[in-house]
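Each remark here refers to the structure printed beneath this line.
These numbers were taken from a predicted model, which means no experiment stands behind them.
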Amino acid sequence: MDSTDLDIEFNEAVERVNAHIDPFPADTLLKLYAYYKKATNNYRRPKSKKPIINAFKTNALFQVENISQDKAKQAYIALVKDYFLYRK
């Protein structure tokens, strides 16, 4: 898959997540957050008002720090596909 196709598929997955109205499970949400941040090279610190939320987000970011931007996009896409395929 070339980078243009990957970017298109990634953006479609992001749109699908943003359009979803039901809450995601916390573990899925943290993975989506980390993959998205890595995929978009957004390294700003988490800004939740709750320190525990910031800690979970920071931990999720540490878990993806050694993957490439393209791998993060691919992981985000795969997570979105799996979530919508297997959710009840």
If you measure from OH on Y76 to CG on N11, what distance do you get to the nearest 0.5 Å? 9.5 Å
For the residue pair Y83 and F24, does the interplanar ring angle fall in the parallel (under 30°), tilted (30 to 60°) or perpendicular (over 60°) class? tilted
To check you understand the geometry: which heavy-atom pair defines the closest contact between K37 and R44, and what is its length? NZ-O, 3.9 Å
Hydrophobic cluster identity match, L30 and I67, side-chain contacts under 4.5 Å: no
Should Y33 and L61 count as side-chain neighbours, where that means a heavy-atom distance under 4.5 Å? yes
Keeping the roles fixed (side chain from K31, backbone from L79), state whether a donor-acceptor pair exists under 3.5 Å. no
Among E15, Q69, K73, the one residue meeting side-chain contact (heavy atoms from CB on, under 4.5 Å) with F10: K73
Are F84 and L32 co-members of a hydrophobic cluster defined by side-chain heavy atoms under 4.5 Å apart? yes
Can you name the nearest heavy-atom pair linking A34 to A60, along with the distance? CB-O, 3.4 Å
Between the CG atom in N59 and the CG atom in N54, the distance rounded to the nearest 0.5 Å is 12.5 Å
Once rounded to the nearest 0.5 Å, what's the spacing between atom NZ of K50 and atom NZ of K57? 11.5 Å
Side chain to side chain donor-acceptor pair (under 3.5 Å) filter on N18, not counting sequence neighbours, yields none
Would you find a donor on one side and an acceptor on the other, under 3.5 Å apart, between the side chain of K38 and the backbone of S68? no
Residues D22 and H20: closest non-hydrogen pair is O-CD2, 3.1 Å
Reported CG-to-CD distance for the pair L6 and Q74, which is rounded to 0.5 angstrom: 5.5 Å
